[in-house]
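In what follows, a single structure is set out as structure tokens and then discussed.
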Amino acid sequence: MAKFLTKRSENYSQWYNDLVLKADLAENSAVRGSMVIKPYGYSIWEKIQRQLDDMFKETGHENAYFPLFIPKSFFSKEASHVEGFAKECAVVTHYRLKNDPDGKGIVVDENAKLEEELIVRPTSETIIWDTYRKWIQSYRDLPLLINQWANVVRWEMRTRLFLRTAEFLWQEGHTAHATEQEAIAEARTILDVYSTFVEEWMAIPVHKGRKSANERFAGALDTYCIEALMQDGKALQAGTSHFLGQNFAKAFDVKFLSKDNKLEYVWATSWGVSTRLMGALIMTHSDDNGLVLPPRLAPVQVVIVPIYRNDEQFEAISRKANEIVKKLRSMGIRVRYDNRDTHKPGFKFAEHEMKGVPVRLAIGPRDLENNTVELARRDTLEKEFLQMEGLETKIEHLLEVIQKNLFQKALDFREANTHYVDTWEEFKEVIEKKGGFAVAYWDGTSETEEKIKEETKATIRFIPLEENTEEGRCIYSGKPATQKVFFAKAY
RNA sequence: CGGGAUGUAGCGCAGCCAGGCAGCGCGCUUCGUUCGGGACGAAGAGGUCGCGAGUUCGAAUCUCGCCAUCCCGACCA
């Protein structure tokens with residue numbers, strides 16, 4: 001392991017790349033644009049999955065699994081959907097290899113060409129709606145509330161670990177409803193699930209909002225999002241929930257008989273969060289010493305490092321440490337006693353710091369004499385000596401304090417980097433120099449959004465859900481405007 | 001797909017201009033001393049110099065071709 005991380009102030013994206021590698025979260029693979037998620041990184045993803053999955057179940061959803069491959073013809077059934085994804089699809093054209101007649105390795109067997117080519121799913125709306133047609137006949141079959149955990153592939157030009165990879169892991173919910181209102185309510189319910197999860201578990205403050213037409217999901221009538229602000233002042237979309245109207249129902253002919261015996265198209269939603277959340281987690285909390293994890297998602301919440309010169313000391317310290325481990329475990333706290341004899345304490349300190357373990361305890365000979373322990377907080381880097389007495393209760397409380405502190409720090413940062421602007425000059429100043437959100441009136445047209453993007457690279461990250469009551473003038477065109485929206489450069 | 005760069009030990013790199021034993025740092029192995037913030041010493045292991053042609057007595061080094069990767073743009077969760 002190399003010793004030092006690039007400093008955020010020197011090169012933020014280099015810092016991010018270094019951190020992902022050095023905290024042992026993931027690495028690039030032999031396949032361009034596709035990453036290997038390493039055990040430590042994956043265990044954080046598992047925590048995310050576990051909690052979200054519980055929350056989906058609590059809101060009435062069930063898991064299912066749909067195929068990786070989608071017939072090409074399905075794709076072309078919903079016009080804007082094709083347009084949105086066509087440019088980044090991996091396509092399966094053959095189903096067999098053979099030995100190269102020239103003796104060099106293996107080649108594609110040209111005789112094994114598929115009659116209909118298969119698309120590796122970039123998202124599953126089409127295959128799922130083709131299936132739902134068979135499942136839905138009556139209003140009694142509705143609502144249909146399904147989620148799947150899956151991998152998807154989008155052939156991206158430029159990739160970054162977790163933030164944008166050719167293949168990524170996610171969950172995608174796909175629901176069918178009898179009425180428009182119910183579908184919209186579903187999309188909003190999930191938006192709430194997402195924001196609750198991201199704020200309470202990941203300790204990342206998010207704005208809930210609606211996407212502009214330009215940023216909307218291909219095939220959706222309305223796209224809701226949760227949007228977070230990263231430490232470098234760029235915004236990151238952390239999750240989306242779409243109201244799809246009847247677009248997919250019409251494209252795939254999914255109809256039901258209503259109570260009053262009328263044949264109607266169903267109303268749909270889809271929603272997802274991906275391993276991109278890992279990127280958000282890293283970029284929200286971490287510092288120049290490495291990863292900082294909120295306790296609720298930390299695979300290891302407390303690590304105990306023994307300091308000793310000889311076997312007798314090691315054994316005495318281990319007895320003490322194991323007592324602490326036992327008590328903490330019984331309280332449901334994830335604790336590890338790092339008794340590796342192959343590494344020195346200093347090395348372990350640095351390693352656990354790099355990997356973001358929220359609380360570190362060090363126990364040495366002096367602590368045994370004094371009946372104390374050294375406790376170090378990862379979020380503040382503060383150290384203090386504590387009496388053994390009542391230690392476990394203090395740690396339990398401290399973990400909650402850290403969780404809240406991380407959220408508050410991120411929230412303070414976001415507030416400090418949200419600028420309400422009234423003139424185009426101020427707007428450019430914020431986007432080009434300060435970073436963060438620029439909140440301004442917008443005339444509601446795509447043309448204006450496009451021009452702002454061309455001139456500043458900033459896009460509308462979201463339109464607040466609350467209706468704005470005051471009238472204003474568009475920051476760019478000067479035309480009358482009713483919507484104040486959040487602009488930022490984005491990941 | 002446009003612009004720029006790079007391929008030499010597990011990782012990071014020097015050597016190439018001016019052809020002549022394959023090097024350095026980190027990591028790895030063994031032994032000893034260490035252990036309260038990334039230990040030290042000694043001894044070791046580890047190479048198709050991206051691939052293929054060519055020039056030459058001799059190529060990591062020169063020439064040609066190919067391949068791959070990275071960075072910057074256009075596209076995107």
Side-chain angles (χ1 to χ4, degrees), chain A residues 1-6 11 13-14 17-18 21-22 27-33 83-89 104 122-123 151-172 194 211 214-218 220 223 225-228 235-242 270-280 289-290 305-311 313-314 317 338-355 360-370 372-376 381 383 385 453-454 457 459 461 490-491:
Chain A
M1 194 191 294
K3 285 188 179 169
F4 301 103
L5 211 53
T6 304
N11 184 341
S13 60
Q14 188 63 47
N17 290 336
D18 284 0
L21 296 176
K22 289 176 186 170
E27 62 188 31
N28 282 306
S29 71
V31 184
R32 180 196 150 83
E83 202 184 319
F85 287 105
K87 284 173 285 183
E88 50 187 28
C89 285
K104 279 220 156 186
T123 180
N151 57 339
V152 286
V153 169
R154 296 181 188 175
W155 212 261
E156 299 289 351
M157 296 297 176
R158 296 192 54 197
T159 59
R160 292 191 69 191
L161 292 168
F162 290 119
L163 294 173
R164 179 166 300 108
T165 47
E167 178 187 358
F168 57 92
L169 305 183
W170 78 347
Q171 58 70 216
E172 47 179 327
Y194 285 162
K211 285 294 185 188
N214 289 6
E215 301 277 325
R216 199 177 286 153
F217 176 74
T223 288
C225 62
I226 51 170
E227 203 79 19
L236 185 137
Q237 178 176 303
T240 50
S241 178
H242 315 291
S270 70
W271 28 275
V273 296
S274 70
T275 34
R276 188 179 226 206
L277 285 177
M278 296 285 294
N289 298 311
V305 177
I307 295 152
Y308 55 93
R309 289 168 199 274
N310 52 51
D311 288 351
Q313 284 181 351
F314 178 64
I317 290 165
D338 187 356
N339 60 356
R340 288 176 296 174
D341 192 34
T342 49
H343 297 274
K344 291 184 58 186
F347 180 92
K348 293 177 184 176
F349 289 179
E351 181 177 84
H352 296 304
E353 212 157 86
M354 184 64 78
K355 295 176 98 168
R360 182 188 72 228
L361 302 178
I363 308 176
R366 290 209 298 275
D367 294 305
L368 285 189
E369 283 174 33
N370 304 332
T372 56
V373 58
E374 186 200 62
L375 182 147
L381 297 170
K383 289 192 281 198
F385 283 91
K453 185 178 179 184
E454 275 169 34
K457 289 187 180 163
T459 50
R461 297 324 304 153
Y491 274 98

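Naming: A, B, ... by sequence-line order, numbering from 1 per chain.
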Residue [X], side-chain atoms from C-beta onward, closest of [options]:
X	options	value
A:R276	B:A77, B:U69, B:G73	B:A77
A:T165	B:G36, B:G37, B:A77	B:A77
A:Q237	B:C35, B:A77, B:G36	B:A77
A:K457	B:G38, B:A74, B:G37	B:A74

In the strands shown, is [N] matched to any nucleotide by a Watson-Crick or G-U wobble pair with both distances under 3.5 Å, and which?
N	result
B:G36	none
B:C70	B:G4
B:A45	none
B:C21	none
B:G52	B:C64
B:G27	none
B:A59	none

If you go through the side-chain atoms of [X], does one of them form a donor-acceptor pair with the base of [N] closer than 3.5 Å?
X	N	result
A:K383	B:G37	yes
A:R360	B:G37	yes
A:E351	B:G38	no

Quick one: is [X] getting a side-chain N or O under 4.0 Å of the [N] phosphate, OP1 or OP2?
X	N	result
A:R366	B:G36	no
A:K211	B:A77	no
A:R32	B:C70	yes
A:K87	B:C75	no

What's the [atom1]-[atom2] distance between [X] and [N], to the nearest Å?
X	N	atom1	atom2	answer
A:L21	B:G12	CG	C1'	13 Å
A:F385	B:G37	CZ	C1'	12 Å
A:I307	B:G36	CD1	C1'	4 Å
A:F349	B:A39	CZ	P	11 Å
A:N370	B:G36	CG	C1'	13 Å
A:E156	B:G73	CD	P	15 Å
A:E227	B:A77	CD	P	11 Å
A:W271	B:A77	CH2	C1'	16 Å

Under 4.0 Å, heavy atoms only, any strand: does [X] hit a base, just the sugar-phosphate, or nothing?
X	value
A:L163	base
A:D367	base
A:R160	nothing
A:T240	nothing
A:Y491	nothing

Pairwise [atom1] distance for [N] and [M], with rounding to whole Å:
N	M	atom1	answer
B:G20	B:U61	P	10 Å
B:G23	B:G44	P	15 Å
B:A68	B:G25	P	35 Å

A:T223 and its side-chain hydrogen bond (donor to acceptor under 3.5 Å, both in side chains) partner, picked from A:H242, A:E215, A:R216, A:Q237: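 Only one option passes, and that is A:H242.
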
Electrostatic pair A:E351-A:R360, nearest N-O below 4.0 angstrom: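 No, A:E351 and A:R360 are not salt-bridged.
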
Return the minimal non-hydrogen interatomic distance between [X] and [Y], and the atom names on each side.
X	Y	result
A:G239	A:V273	CA-CG1, 3.8 Å
A:A490	A:T459	CB-OG1, 4.4 Å
A:I317	A:P365	CD1-N, 4.2 Å

Residue met sooner reading RNA chain B from 5', once A:R216 and A:I363 are mapped to nucleotides: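 Looking at RNA chain B, the more 5' nearest nucleotide goes with A:I363.
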
Pairwise 5' ranking along RNA chain B for A:V373 and A:E167, keeping only the more 5' one: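 On the 5' side of the pair lies A:V373.
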
Whether A:W170 and A:F168 hold their rings parallel, tilted or perpendicular, with breakpoints at 30° and 60°: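 Correct class here is perpendicular.
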
Geometric class of the A:Y308/A:F314 ring pair [parallel <30°, tilted 30-60°, perpendicular >60°]: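 Rings of A:F314 and A:Y308: tilted, 30 to 60°.
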
Side chain to side chain donor-acceptor pair (under 3.5 Å) between A:T6 and A:N11, worked out: CA-CA 7 Å; A:T6 304; A:N11 184 341; over 6 Å; no

